[in-house]
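In the text below, chain A, chain B and the rest are named by the order of the sequence lines, each starting its count at 1.
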Number of protein chains: 2
Amino acid sequence: MADTWQEELRARGYRVTPQRQLVLEAVTELEHGTPEEICAQVQRTARGVNISTVYRTLELLEELGLVKHTHLGHGPPTYHLAAEAEHLHLVCRHCGTARDISPKVADELVETLARDYGFTTDVHHLTVYGRCRDCR
Amino acid sequence: MADTWQEELRARGYRVTPQRQLVLEAVTELEHGTPEEICAQVQRTARGVNISTVYRTLELLEELGLVKHTHLGHGPPTYHLAAEAEHLHLVCRHCGTARDISPKVADELVETLARDYGFTTDVHHLTVYGRCRDCR
DNA sequence: CTCATTGCAAAGAATTTGCAAGTAG
DNA sequence: CTACTTGCAAATTCTTTGCAATGAG
């Protein structure tokens, strides 16, 4: 984890380009935004960057784990910097086992609660009760 | 609530058409599906029903409160019958107050857990911890 | 009969892809 | 130099809209 994302890119055979740096900067500055918005932000610094490059770059940055995206209702997805490692729990009411999963699955819930209810979710402590695959 | 949806439709100046009945039936049968899937289901009974009619009908049925939709990751939205009144809890770790909200906000979470983990969520018992608007 | 609704085709958004030219390493 | 990237335009995917014909009430 001491490596920079640039090194990570090179290690994987990808290249560090100004466009990629700009897109990551844009996501950082915007906190969150649609591909279109991110593209606009990038173009405040460098004109001529194409929207399709933004799409491709966001996909790459997501693959690298640097950004994440969620779908908030209709329209384009929202991209934001990936949070540090967190997890949430899945508890089976039948067999009692708990499983840790990525908080990514609760992204929409978290954003909706924030947007519609002004509620800041404590994702680390989100526990979902139900029935696991084995106890169906 | 004793009124049928057909009566509700007429009361609002809309008409009860075979297409509308078929779309609602399709949503019921499929439990959930994309407009495309719903259209395919409808066409098992009546060919010639157009996809744009399905879109228009789903919009109408949603307005009537008969169906709901959620966006699961990429791609088209998923429609399903509106659930009966249930609720989930929002608990503030600071002031301790609990608030009941619509389980609709957890739709994506529920579907994702089912799809990716084979986990059946007990939505009625879902409690989300965090900080409410007033305690920010 | 009247006007809401439908089918169809064309228009629109959002996103992806093919490819030649550009450039990081 | 090599081959990953980019810009651009065309192709896709998903959804909406215009409009004449159809059909519910």
Side-chain angles (χ1 to χ4, degrees), chain A residues 3-27 32-43 45-64 66-67 69-79, chain B residues 3-27 32-43 45-64 66-67 69-79:
Chain A
D3 301 306
T4 63
W5 62 274
Q6 285 98 333
E7 292 171 329
E8 173 73 8
L9 263 188
R10 291 196 194 95
R12 298 203 193 190
Y14 296 122
R15 292 177 182 173
V16 177
T17 65
Q19 286 88 337
R20 286 174 181 171
Q21 312 202 51
L22 287 167
V23 168
L24 187 55
E25 278 169 28
V27 174
H32 55 72
T34 63
E36 208 78 52
E37 292 167 341
I38 292 166
C39 188
Q41 177 71 17
V42 166
Q43 295 185 334
T45 302
R47 281 189 292 154
V49 175
N50 196 278
I51 182 72
S52 64
T53 298
V54 173
Y55 275 101
R56 286 186 282 224
T57 301
L58 287 171
E59 186 181 1
L60 176 64
L61 294 177
E62 187 149 32
E63 186 190 321
L64 286 175
L66 291 168
V67 306
H69 81 271
T70 15
H71 292 270
L72 309 156
H74 285 147
T78 298
Y79 285 79
Chain B
D3 300 309
T4 63
W5 62 274
Q6 286 96 336
E7 292 170 329
E8 174 73 7
L9 263 189
R10 292 198 193 92
R12 299 203 192 189
Y14 296 122
R15 291 176 184 175
V16 177
T17 66
Q19 286 89 337
R20 285 172 182 172
Q21 312 201 51
L22 287 166
V23 168
L24 187 54
E25 278 169 29
V27 174
H32 54 72
T34 63
E36 208 78 52
E37 291 166 344
I38 292 166
C39 188
Q41 177 71 17
V42 166
Q43 295 185 333
T45 304
R47 281 188 292 154
V49 175
N50 196 279
I51 183 71
S52 63
T53 299
V54 173
Y55 273 101
R56 285 185 282 224
T57 302
L58 286 171
E59 186 181 1
L60 177 64
L61 293 178
E62 187 150 31
E63 184 190 321
L64 287 173
L66 291 168
V67 306
H69 82 272
T70 15
H71 292 270
L72 310 156
H74 285 148
T78 299
Y79 284 80

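Evaluation of the side-chain hydrogen bond (donor to acceptor under 3.5 Å, both in side chains) rule for B:Glu62 yields B:His69 as partners, not counting sequence neighbours. Evaluation of the side-chain hydrogen bond (donor to acceptor under 3.5 Å, both in side chains) rule for A:Arg12 yields A:Glu8 as partners, not counting sequence neighbours. Remark: A:Thr45 engages no residue in a side-chain hydrogen bond (donor to acceptor under 3.5 Å, both in side chains) (not counting sequence neighbours). Every residue two or more places apart in sequence or in another chain was checked for a side-chain hydrogen bond (donor to acceptor under 3.5 Å, both in side chains) with A:Gln21, and none qualifies.
Between the CG atom of A:Leu60 and the P atom of D:dT5 there is a distance of 7 Å, given to the nearest Å. The CG atom of A:Leu58 sits 15 Å away from the C1' atom of D:dT5 (whole-angstrom rounding). Remark: P of D:dT13 and CD of B:Glu37 are 15 Å apart, rounded to the nearest angstrom. As a whole-Å value, the separation of A:Arg47 CZ from D:dT6 P is 19 Å. Straight-line distance from the CZ atom of A:Arg20 to the P atom of D:dG7: 11 Å, rounded to whole Å. Taking atom CD of A:Gln6 as the reference point, atom P of C:dA24 lies 14 Å away to the nearest angstrom. Residue B:Gln19 contributes atom CD, which lies 14 Å from atom P of D:dT22 at whole-angstrom precision. As a whole-Å value, the separation of B:Asn50 CG from D:dA20 P is 17 Å.
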I need a per-nucleotide contact map over nucleotides 11-22 of chain C, read 5' to 3'. Cutoff is protein heavy atoms under 4.0 Å; write B for the base, S for backbone only, - otherwise. ---SSBBB----
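Proximity of A:Thr17 to the phosphate of C:dA24: no side-chain N or O atom is located under 4.0 Å from OP1 or OP2.
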Determine all donor-acceptor pairs shorter than 3.5 Å in which one atom belongs to a side chain in residues 49-59 of chain B; sequence neighbours excluded.
unit_1: B:Asn50; atom_1: OD1; unit_2: B:Ser52; atom_2: N; d: 2.8
unit_1: B:Asn50; atom_1: OD1; unit_2: B:Ser52; atom_2: OG; d: 2.9
unit_1: B:Ser52; atom_1: OG; unit_2: B:Arg56; atom_2: NH2; d: 3.4
unit_1: B:Thr57; atom_1: OG1; unit_2: B:Thr53; atom_2: O; d: 2.7

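Comparing C:dT6, C:dA24, D:dG7 by their nearest atom to the side chain of A:Val49 picks out D:dG7.
A distance-only check finds a donor-acceptor pair linking the side chain of B:Arg20 to the backbone of B:Arg15 [under 3.5 Å].
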